[in-house]
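In what follows, every chain begins at residue 1, and chains take the letters A, B, ... in the order their sequences are listed.
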Amino acid sequence: MARPVYVTTPIYYVNDRPHIGHAYSTVAADVVSRYARLRGKPTYFLTGLDEHGLKIERRASEEGLAPQDFVDQMAAPFRSAWEELGCAHDGFIRTTSAQHRDRVQALWKLMQDKGDIYLDDYEDWYCVGCESFKTEKELLEGNRCPIHQTPVERIKERSYFFRLSNYTQPLLDYYAAHPDFVRPDARFNEVKAFLTEGLRDLSISRTSFRWGVAVPDDPEHVVYVWLDALMNYVSALGGPAKEGEAPLYDEFWQSSETITHIVGKDILRFHAIYWPAFLMSAGLRLPTQIWAHGWLTVNGEKMSKSLGNFLPPGPLVEAFGVDVLRYYLMREVGFGQDGDFSHRNLVNRYNGELANGLGNLMNRIVASIVKKSLDGRVPNVDLEALQDVDRQLIDKATATSNEAAKHIEALAFHRALESIWELVSAANKYVDSTEPWKLAKQDDKTRLEQVCYTVLETLRWLSVMLFPVMPGKCNELRAQIGMGPFLPTEQTDQWPSAWGGLRPGTETRPATPLFPRFDEAQERGIMERLGVDKDVEPESSAQ
RNA sequence: GGCGAUGUAGCUCAGGCGGUUAGAGCGGGCGUUUCAUACGCGCUAGGUCGGUGGUUCGAGUCCACCCAUCGCCA
């Protein structure tokens, strides 16, 4: 029995509209979940929204709205963004939901029962933007927040505290026992370094605003937004709960093989330190991995409202198509590293890899040779009678399948795609060296059939291996080689491993090219529609 | 300031335990095919492997120091 997989994105703060950074995290999580499903594992993919906090309360009142109305309004674009991007989440958690609020309070009580929560005074500088306190020494001149550049506020209040200091050693022990707990390694080192200085207790309630979850039995206090927010991963499944009370929680939290939280590097500390400490205190299971990815710049510049380069995913999807955008996001930069989103590089990869590489490979075989010389049908071949060149390509496909799986499991999406494209390239070389068009002229039917079958079956493998990244295009590809759409089946591992899945006699359905190449004029048109000045765009990712 | 990382061809990057001519993709140049989306395929890039000094028979690969860039230090 394949054990369940649980993968999450951060819950996005509804103060922003969705942009390419949100899309990056969410697409990555979608790829992980689609891959897991393809492997036959029961899978749950969660994303959602963080809707509480002082900043929301203020924004809502600026807009003349009740906070709930404001967040309802802001939630819609996120939902539609994920739909547009083909991100098939199983759950969409909102922290204002009754279930979530209720489960946060349940967590609080568990921590309280453990004796880890106490009441005391707290006074320090507070940044509304960060929703967190700042120490004197990290402030900029004029008591401004180093992240938001805005002035911080002096806040003194009665606050509940969590005995985080008790968890320094337990966390270090946990890290030692789970060397893959935080990825990439460099980030794990930072987390460990932070711990070695010893943890201070953490203020986990506020009285300065109302928009949040009330502290149980003391409604003057609102639960600290990060405790509230982190809890989404468990509350969305209905936990914490006794066995049998919340089936999703039992399956995907308690019994999961992996629980992977994909996060941006800016919120790593909350996930790698606070969250496990809260869970330890409450006596709950910990996640298996916190994966901190890097930031994307846009055409070499940091994305910001003041620069006017805020990049929502919608227009990109319209211009390039969902799968192309997903491919680019996963291919261009190593997960965990910072990188650049560049329209120019996107077009270059599209033309070079998708159009010239994969698209042309399929087209030359399906729409040309098989159609003209084999009556458009998958030929019948004796797999035992293949030649060495054929076997070499099959071996390459097998090696690729193993390697790509290894990389995806390590969330090294760019490596997986790189390795898959070695197979695409090998297949194009194979076609060149076997020259099926000559075989057709020479009437060497048997050999022609062997060659075409080998390429078609390679394309079938590609349609599966690329499915997590490009589900729509892979199904189009499959249609052209005569296959039905790909359907994951629980408990059935469908990752390619056996050669010969294509049924002889099946009718292929050549259609328009999968990835029609952009010529200069089209590229210019797209850039204009997107408002990108192509000529001004830097040649490379100069930062 | 403390801790950690990075610095390899025009660009983006690979280069376990030190060992013959330092690699890939893209871009550039040359050639070639025509089945294909003017696509594919082949050849080509002569880069002091940030700098200096060491260890060694031998270092991009280990050590020290320096320079630059970046991250973390509630």
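Checking B:rG71, B:rU37, B:rG42 against every side-chain atom of A:K429, the shortest atom distance belongs to B:rG42. When the nucleotides B:rC72, B:rU37, B:rG40 are ranked by their closest atom to the side chain of A:N356, B:rG40 comes out on top. Checking B:rU37, B:rA14, B:rA74 against every side-chain atom of A:Q337, the shortest atom distance belongs to B:rA14.
B:rA5 and B:rA45 have their P atoms separated by 36 Å, with the value rounded to a whole Å. Between B:rA9 and B:rG47, the two C1' atoms lie 4 Å apart (nearest whole Å). With P as the reference atom, B:rG29 and B:rU37 are 25 Å apart, rounded to whole Å. The same atom, P, is picked in B:rC17 and in B:rU33; the two are 46 Å apart, to the nearest Å. Across the C1' atoms, B:rU8 and B:rA22 are found 8 Å apart, a figure rounded to whole Å. B:rU20 and B:rC35: their C1' atoms are spaced 42 Å apart (whole Å). Here the separation of B:rC3 from B:rA64, taken at their P atoms, is 13 Å to the nearest Å. When the C1' atom is used for both B:rG16 and B:rG10, the distance is 30 Å, rounded to whole Å.
Looking at residues two or more places apart in sequence or on another chain, you find a side-chain hydrogen bond (donor to acceptor under 3.5 Å, both in side chains) between A:E153 and A:R58. Listed by chain and residue number, nothing satisfies the side-chain hydrogen bond (donor to acceptor under 3.5 Å, both in side chains) test with A:N402 (two or more places apart in sequence, or in another chain). With sequence neighbours excluded, no residue forms a side-chain hydrogen bond (donor to acceptor under 3.5 Å, both in side chains) with A:T458. With sequence neighbours excluded, no residue satisfies side-chain hydrogen bond (donor to acceptor under 3.5 Å, both in side chains) with A:E157.
Counting any heavy atom pair closer than 4.0 Å across all strands shown, A:L361 reaches no nucleic acid atom. Note on A:G294: nothing from the nucleic acid sits closer than 4.0 angstrom, heavy atoms only. Residue A:R349 is out of contact with every strand shown, counting any heavy-atom pair closer than 4.0 Å. The residue A:A186 sits apart from the nucleic acid: no heavy atom pair falls under 4.0 Å. Note on A:I273: nothing from the nucleic acid sits closer than 4.0 angstrom, heavy atoms only.
If you take OH of A:Y350 and P of B:rC39, they are 13 Å apart, rounded to a whole angstrom. For the pair A:L268 CG and B:rC72 C1', the computed distance is 10 Å after rounding to whole Å. Atoms CG (A:D340) and P (B:rC70) sit 16 Å apart, rounded to a whole Å. Between the CZ atom of A:R331 and the C1' atom of B:rC26 there is a distance of 10 Å, rounded to whole Å. As a whole-Å value, the separation of A:E353 CD from B:rC26 P is 8 Å. Following rounding to the nearest Å, A:D266 (CG) and B:rC73 (P) show an atom-to-atom distance of 11 Å. Summarising the geometry, the separation between CG on A:L354 and P on B:rG25 is reported as 18 Å, rounded to the nearest angstrom. In this entry the distance linking CD1 of A:I267 with P of B:rC72 reads 14 Å, nearest Å.
Figure legend: cation-pi geometry between A:K192 and A:F188, with NZ or CZ positioned under 6.0 Å from the six-membered ring centre and within 45° of its axis. Judged by a 6.0 Å distance limit and a 45° cone about the ring axis, A:K156 is not positioned over the six-membered ring of A:Y122.
Within the 4.5 Å cutoff, the side chain of A:K445 has heavy atoms near those of the A:L374 side chain. Contact of the A:W295 side chain with the A:M303 side chain is not registered, since no non-hydrogen atoms from C-beta on lie closer than 4.5 Å. With a 4.5 Å cut-off on side-chain heavy atoms, A:F278 and A:M111 count as touching.
In terms of phosphate contacts, A:R269 brings no side-chain nitrogen or oxygen within less than 4.0 Å of OP1 or OP2 of B:rA74.
At least one donor-acceptor pair closer than 3.5 Å links the side chain of A:Q450 to the backbone N or O of A:A385.
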Can you check nucleotides 27-36 of chain B for protein contacts, nitrogen or oxygen pairs under 3.5 Å, and list what you find?
residue	atom	partner	partner atom	Å
B:rC35	OP1	A:K441	NZ	3.4
B:rC35	O3'	A:S368	OG	3.2
B:rC35	O3'	A:K372	NZ	3.3
B:rC35	O2'	A:S368	OG	2.1
B:rC35	O2	A:R364	NE	3.2
B:rC35	N3	A:R364	NE	3.4
B:rC35	N3	A:R364	NH2	2.6
B:rC35	N4	A:R364	NH2	3.2
B:rA36	OP1	A:K372	NZ	3.1
B:rA36	O3'	A:N363	ND2	3.1
B:rA36	O2'	A:N360	OD1	2.6
B:rA36	O2'	A:N363	ND2	3.2
B:rA36	N3	A:N360	ND2	3.2
B:rA36	N3	A:R364	NE	3.4

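Mapping A:E332 and A:G357 onto RNA chain B via the closest heavy atom, the residue that lands nearer the 5' end is A:E332. Of the two residues contacting RNA chain B, namely A:A426 and A:M362, the nearest-nucleotide position lying further toward the 5' end is that of A:M362.
Checked options A:W226, A:W108, A:Y167; the residue passing with A:F162 is A:Y167 (criterion: ring-ring contact (aromatic ring centres under 6.0 Å, His included)).
For RNA chain B, the stems formed by at least three consecutive Watson-Crick or G-U pairs, with both atom-pair distances below 3.5 Å, span B:1-7 with B:67-73, B:10-13 with B:23-26, B:28-32 with B:40-44, B:50-54 with B:62-66.
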